[in-house]
Amino acid sequence: MPDFVIPPSPAPSLPVRGTQARFPLRRVYCIGRNYAAHAVEMGHDPDREPPFFFQKNPDNLRAGSDSFPHPGGEVHHEVELAIALAGGGRDIAPDAAEALIWGYAVALDMTRRDLQAEAKRMGRPWELAKAFEHSAPIGPLVPASEIGHPQAGAITLHVNAAPRQAGDLAQMIWKPSEMIAELSRFVSLAAGDVILTGTPAGVGPVAPGDVLDARIDGVGALRVTVV
Ligand code: MN
């Protein structure tokens, strides 16, 4: 153990379904506008433009909790498939990317839409709109060795039992293997990295007391109450 000058922060990790073992986190990337209908609802062209990425912090992932602390302002829900990498590299070929995926989880890319709208208007970065405390509730990881690599399946979010978001993984503009390949043109990916793969249409605001029920066929469910 090195002689640290201050106590090191605990290393963030995620639970794995059905085991006490945990997945150690390195970086968290997110892709924007990866479902055409959501791009349209946010006022953008649904054509297949190059993907763009932003980041959250590893300690923004909130696993093993049934609550989401509302940070104030206007906060929107975005249900997303999370992929967790067991390996990485630079300039990864798309057909080599899937083998790097260790597992999958249901996640919420909670977004301060008020701050994001201001950032877009002012040409400023998105961090405070995306990487705030507890901004990514996430369910346990499920290994690809158990469920394979889901290519299709319903991805839904209900708020207080009312349907809000509904899509299918098959509607992703950039598939997980393609987004891994694209991202690796710019950064070195590595084991422990997590990528949130974008949200289908139907995003909207949440308020304290709301119960969010996120589901992805074949991956799992995540239920959190806004507090
Ligand atoms: Mn998102």
Side-chain angles (χ1 to χ4, degrees), residues 14 25 27-46 48-63 68 70-71 73-85 104-120 124-139 150 153-159 164-176 178-180 182-183 186-187 193-206 210 212-216 219-220 222 224 226:
L14 293 178
L25 285 165
R27 296 178 182 165
V28 181
Y29 293 95
C30 309
I31 188 170
R33 292 172 213 148
N34 201 30
Y35 291 75
H38 172 62
V40 169
E41 78 177 350
M42 297 301 289
H44 300 282
D45 197 310
R48 197 176 199 253
E49 298 170 352
F52 70 92
F53 298 92
F54 57 92
Q55 285 182 268
K56 295 193 185 233
N57 299 299
D59 68 348
N60 295 150
L61 297 188
R62 183 174 174 89
F68 164 71
H70 196 293
E74 183 186 14
V75 178
H76 278 201
H77 52 74
E78 298 190 355
V79 59
E80 311 206 357
L81 176 71
I83 62 182
L85 301 186
Y104 297 87
V106 181
L108 293 169
D109 169 17
M110 301 304 288
T111 301
R112 278 287 302 264
R113 198 70 76 201
D114 52 347
L115 297 182
Q116 187 193 36
E118 182 183 16
K120 286 178 177 178
R124 288 176 179 163
W126 285 9
E127 274 81 359
L128 294 185
K130 288 290 194 178
F132 57 90
E133 301 311 321
H134 317 304
S135 58
I138 186 167
I155 173 169
T156 60
L157 183 94
H158 289 69
V159 178
R164 287 277 187 87
Q165 290 190 260
D168 194 286
L169 298 179
Q171 296 167 334
M172 279 196 256
I173 297 170
W174 293 82
K175 309 304 178 196
E178 293 174 320
M179 68 183 82
I180 291 168
E182 182 72 11
L183 189 52
F186 303 96
V187 296
D193 290 348
V194 165
I195 305 173
L196 303 189
T197 59
T199 198
V203 300
V206 302
D210 284 347
L212 313 183
D213 188 345
R215 293 172 185 273
I216 301 176
V219 177
L222 171 67
V224 295
V226 181

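Every number for a ligand or one of its atoms is a count from 1 in the order of the listing.
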Closer than 2.8 Å to the Mn ion (ligand 1), which protein N, O or S atoms?
-> Glu78 OE1, Glu80 OE2, Asp109 OD2
Of Glu80, Glu78, Gln165, the residue whose pairing with Thr199 passes side-chain hydrogen bond (donor to acceptor under 3.5 Å, both in side chains) = Gln165
Arg215 atom CZ, neighbour heavy-atom count above 12 within 6.0 Å = no
Just by modelled atom types, is the Glu74 backbone N or O under 3.5 Å from a matching donor or acceptor in the Asp114 side chain?
-> yes
Mind checking what makes side chain to side chain donor-acceptor pair (under 3.5 Å) contact with His44, not counting sequence neighbours?
-> Arg33
Between Phe52 and Trp126, does a ring-ring contact (aromatic ring centres under 6.0 Å, His included) hold up when you go through it step by step?
-> CA-CA 12 Å; Phe52 70 92; Trp126 285 9; 5.6 Å; yes
Does Lys56 use its side chain to pair, donor to acceptor, with the backbone of Ser135 at less than 3.5 Å?
-> yes
